[in-house]
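Contents: one structure, followed by commentary.
Any value given below was found using the heavy atoms of this structure, including those in side chains, with hydrogens, waters and symmetry copies removed. Predicted model only: the values in this text are computed from it and were never measured. Chain A is the first sequence line, chain B the second, and so forth, proteins listed ahead of strands; every chain is numbered from 1.
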Amino acid sequence: MLFVFTLIRFPTKKKDTMNIRKTLEQRISRALQTAGAADAPALVVPSGRPEFGDYQANGCMAAAKKMKTNPVEFAKAVLEKLDLSDLAEKVEIKGPGFINIFLKREWLDDQLGSMKADEKLSVSQPETPETVVVDYSGPNLAKEMHVGHLRSTIIGDALARTLQFIGYKVIRQNHVGDWGTQFGMLAAFLALQYSIKQTENGLFFEAVSHIKDLDGYYKLANEWFKSSEENQQKSRDFVVRLQSGDPEIVPYWKEFCNLSLSHARTIYGRLGVLLGKNDVRGESLYNDYLPQVVKTLDEKGLLKESEGAKGVFLNEFKNKDGDPFFMIVQKSDGGYLYATTDLAAIWFRCGKGKEDGTVDWTAGRVLYVTDSRQAQHFAQVFTVAKKAGFADRTWLGHLAQASQGHPAPVQEAKTTGGTPVARLDETSKPQVSLEHVPFGMMLGTDGRPFKTREGGTVKLMDLLDEAESRAGALVKEKNPDLSEDKVKDIAHKVGIGALKYADLSQNRTSDYVFSWDKMLSLEGNTAPYMQYAYARIQSIFRKQDETSPACQGGDDADNGAIHVSEPAERALAVKLLQFPETVESVAEACMPNILCAYLYELAGAFMSFYENCPVLKSEGAVRASRLALCRLTAMVIQQGLALLGIETLEQM
RNA sequence: GCGCCCGUAGCUCAGUGGAUAGAGCGCCUGCCUCCGGAGCAGGAAGUCAGAGGUUCGAAUCCUCUCGGGCGUACCA
């Protein structure tokens, strides 16, 4: 018992020494406090200019203002309470009260050494690794995936990878659209127009071999539907029977969904997106919950009726007439809506699924990676979910633990770029953090919602083909001696990497102008730039094995101690050490573009280092140190790109 | 009407209340007998839509105006 108690009270905590920003933040906050400014944030940020050091603390001015003292005098007082001698060679006050910190080279050397020895690259694990559900991609199975699905799929995947790396338990959820009247039509067409064989694996439809693309199938089905009154009637019968769970009909619908899902899986495979069969939890799986959702809302006294429809009035939102918004959960004909399904999904994810034994987890945080047009919808759904208690915590996360014996801390509502998020409701009952992670729309070069010249959408498959073929052409041009297989492999990694990076590097909240050239560009701030830096480093190690037989095998070739001295080395060193704080920011704000910007700066710092500091031509300790620096840079670039779902290559 | 988002270099976009607003593309000037030139070093290019306000300090926060987008009761 005592052992357990000890574990709970003193969780094994990794030391946080390597997150520069956090370390400085803690030390300076303490100094501020000692100097008389309680609760004043230190406001530590990397310095804007080299002459201002590596980091600057901006908190003194505001604190002094609050205390009505002279900011420079106060900064001096803070400095007296502040001992950074172990990590800084100089700490000075400049301007109206900035504290500029110049990190010590020896300290940088130490930090780089421990970072290199750590498989997590100094990214510290959360003390309580809660379960985070990431809901992303979620294509409608009736149609083929197009460019509009790219952002959710890629951004969601990068966030899931990042959260997982940090140490959260990540549950990927592919909330595919697999329900609704159109599925009755599609299934009916499959059942009635194609020959069917029973095989060991279930049904086999002749259609499967004919359907080259889903959109073509959809078009055919639609024509069939429209061609006669009889077909329409058959189709409607199908819908009714399907929705009542008729065992004769369900297999047809299932087969169609499988067909469509296999198309999605092909796309995911080519994109390198980690969404598998087990991550698919379509709308239809919540069907059984829908009546219960409505019933629960009724029991909580939230359910009202208006013009025949059932729903919840929300004072927090206004409708066109300025009256409370009415969120409908059951139509006047008895049917349910997406708001109902979303409520059911929240319920499922936040405890109901575990209670039912369907899954073995319950969420502490749920991220919805969908376009920004749904912001209002989610704000409303989250509000209702909280009122109804669908998102109450059944698992005690860090919030509950932190508040043991005290009133629960009231946290400020925060946003993840759109929807306000409340972690605690008005009764201070711990709640799951439900966060909409919105992204902007895909626009054409005319600034209008993106469409092809024919008015259609660009198929994702076509975009991937184009990305790889453009990259392939470039690879052949740069390196004509490579084998066909090699070219193909490089073209794939470079092309897909560029495509993903083009999307991820943009602030997700802004609208996105679709451009073949921009999306598939391979120069400048693109994924290939980082891949190229990585390949250059690998090239150094290959050459190093050849030129220095004593070090062959590479085992200890890069194991030398790092001693930064040249300015370019120092700049690279500081950049490398900023990896942990960058990854944390990405996870907290759900902004992969922060990581992209970081990696671009890192690769840039390496390129300068590469130009200014010869590695293989240097000797002794300098050579060993530079080799080690190269190795660590390669590790960070590889890991950083991996968090974005982008692969590295040994050669390109 | 109401709500939310946006307006930054020729184009596409970064930018956490901090010091002289940054990248990429395009344009101009240098750099491959030298670890991979998909690169490096540098240059030109800005009334941060406009006007007020808060602040020691505003592209960032508040108000208004102009311009654009999205959403707004039985689609998702």
Side-chain angles (χ1 to χ4, degrees), chain A residues 43 45-49 51-52 56 58 61-62 64-65 71 94-98 100 138 140 177 179-181 283 306-311 317-322 325-333 335-339 341-342 370-377 379 417-419 438 440-441 443 445 447-449 471 474-475 477-479 494 505-507 509-513 515 517-518 521-526 528-529 531-533 535-544 547 585 589 593-594 596-597 600-601 604 607-608 610-618 626 630 651-652:
Chain A
L43 302 177
V45 292
S47 296
R49 326 171 128 272
E51 63 263 38
F52 298 147
Q56 60 184 67
N58 304 330
M61 280 92 78
K65 177 75 185 175
K94 277 280 167 71
F98 295 104
N100 294 333
N140 187 325
W179 203 244
T181 50
E283 291 175 335
S306 171
E307 295 172 35
K310 289 174 183 165
F317 302 88
K318 301 276 178 245
N319 67 13
K320 280 176 185 162
D321 304 324
F325 182 86
F326 189 57
M327 193 183 91
I328 296 175
V329 293
Q330 188 167 21
K331 299 191 279 186
S332 46
D333 67 1
Y336 301 101
L337 296 100
Y338 70 132
T341 310
D342 283 337
T370 80
D371 71 274
S372 54
R373 284 174 299 190
Q374 297 186 54
Q376 202 170 324
H377 162 70
T419 312
M441 283 185 309
L443 303 178
T445 34
R448 309 288 307 165
L474 187 67
V475 174
E477 181 197 317
K478 300 268 181 195
N479 220 335
V494 169
S505 59
Q506 204 139 165
N507 183 322
T509 56
S510 48
D511 286 342
Y512 189 99
V513 174
S515 140
D517 286 337
K518 198 192 160 198
S521 161
L522 305 168
E523 283 173 4
N525 185 359
T526 63
Y529 180 80
Q531 290 170 322
Y532 181 63
R536 271 181 152 183
I537 297 172
Q538 298 311 306
S539 174
I540 288 177
F541 282 106
R542 276 196 300 275
K543 202 147 277 182
Q544 177 255 352
T547 58
S585 301
N593 66 306
I594 295 173
C596 292
Y600 182 62
E601 286 163 18
M607 295 289 194
S608 299
Y610 184 89
E611 299 283 333
N612 289 298
C613 306
V615 178
L616 295 179
K617 275 179 205 113
S618 57
R626 287 181 181 170
C630 283
Q651 261 181 292
M652 59 188 281

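- With sequence neighbours left out, the side chain to side chain donor-acceptor pair (under 3.5 Å) criterion links A:N593 to no other residue.
- For B:A73, the base has a donor-acceptor partner in the side chain of A:S306 [N/O atoms by modelled type, under 3.5 angstrom].
- For A:Y600, the ring-ring contact (aromatic ring centres under 6.0 Å, His included) partners are A:Y529, not counting sequence neighbours.
- Under the rule for a side chain to side chain donor-acceptor pair (under 3.5 Å), the partners of A:E51 that lie at least two apart in sequence or sit in another chain are A:R49.
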Using a cutoff of under 3.5 Å, can you pull out all pairs of nitrogen or oxygen atoms linking the protein to nucleotides 66-68 of chain B, with atom names and distances?
none

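- With sequence neighbours excluded, the residues forming a side-chain contact (heavy atoms from CB on, under 4.5 Å) with A:K617 are A:P614, listed by chain and number.
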Dot-bracket for RNA chain B, 5' to 3', Watson-Crick and G-U pairs with both distances under 3.5 Å, [ ] for crossing pairs, | for partner on another strand, reads (((((((..((((....[...)))).(((((.......))))).....(((((..]....))))))))))))....
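- With sequence neighbours left out, the side chain to side chain donor-acceptor pair (under 3.5 Å) criterion links A:D511 to no other residue.
- Take A:F52 and apply the ring-ring contact (aromatic ring centres under 6.0 Å, His included) test, not counting sequence neighbours, and it matches no residue.
- In this structure, the side-chain contact (heavy atoms from CB on, under 4.5 Å) partners of A:M61, at least two apart in sequence or on a different chain, are A:P71, A:P96, A:F98.
- Contact annotation: A:Y529 reaches the phosphate of B:C40 (side-chain N/O to OP1 or OP2, under 4.0 Å).
- With sequence neighbours left out, A:F325 forms a ring-ring contact (aromatic ring centres under 6.0 Å, His included) with no residue at all.
- Residues passing the side chain to side chain donor-acceptor pair (under 3.5 Å) test with A:E601, sequence neighbours excluded: A:K575.
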Going 5' to 3' through nucleotides 13-24 of chain B and flagging B where a protein heavy-atom sits under 4.0 Å of the base, S where only the sugar-phosphate is that close, and - otherwise, we get SSSB-BBB--SS
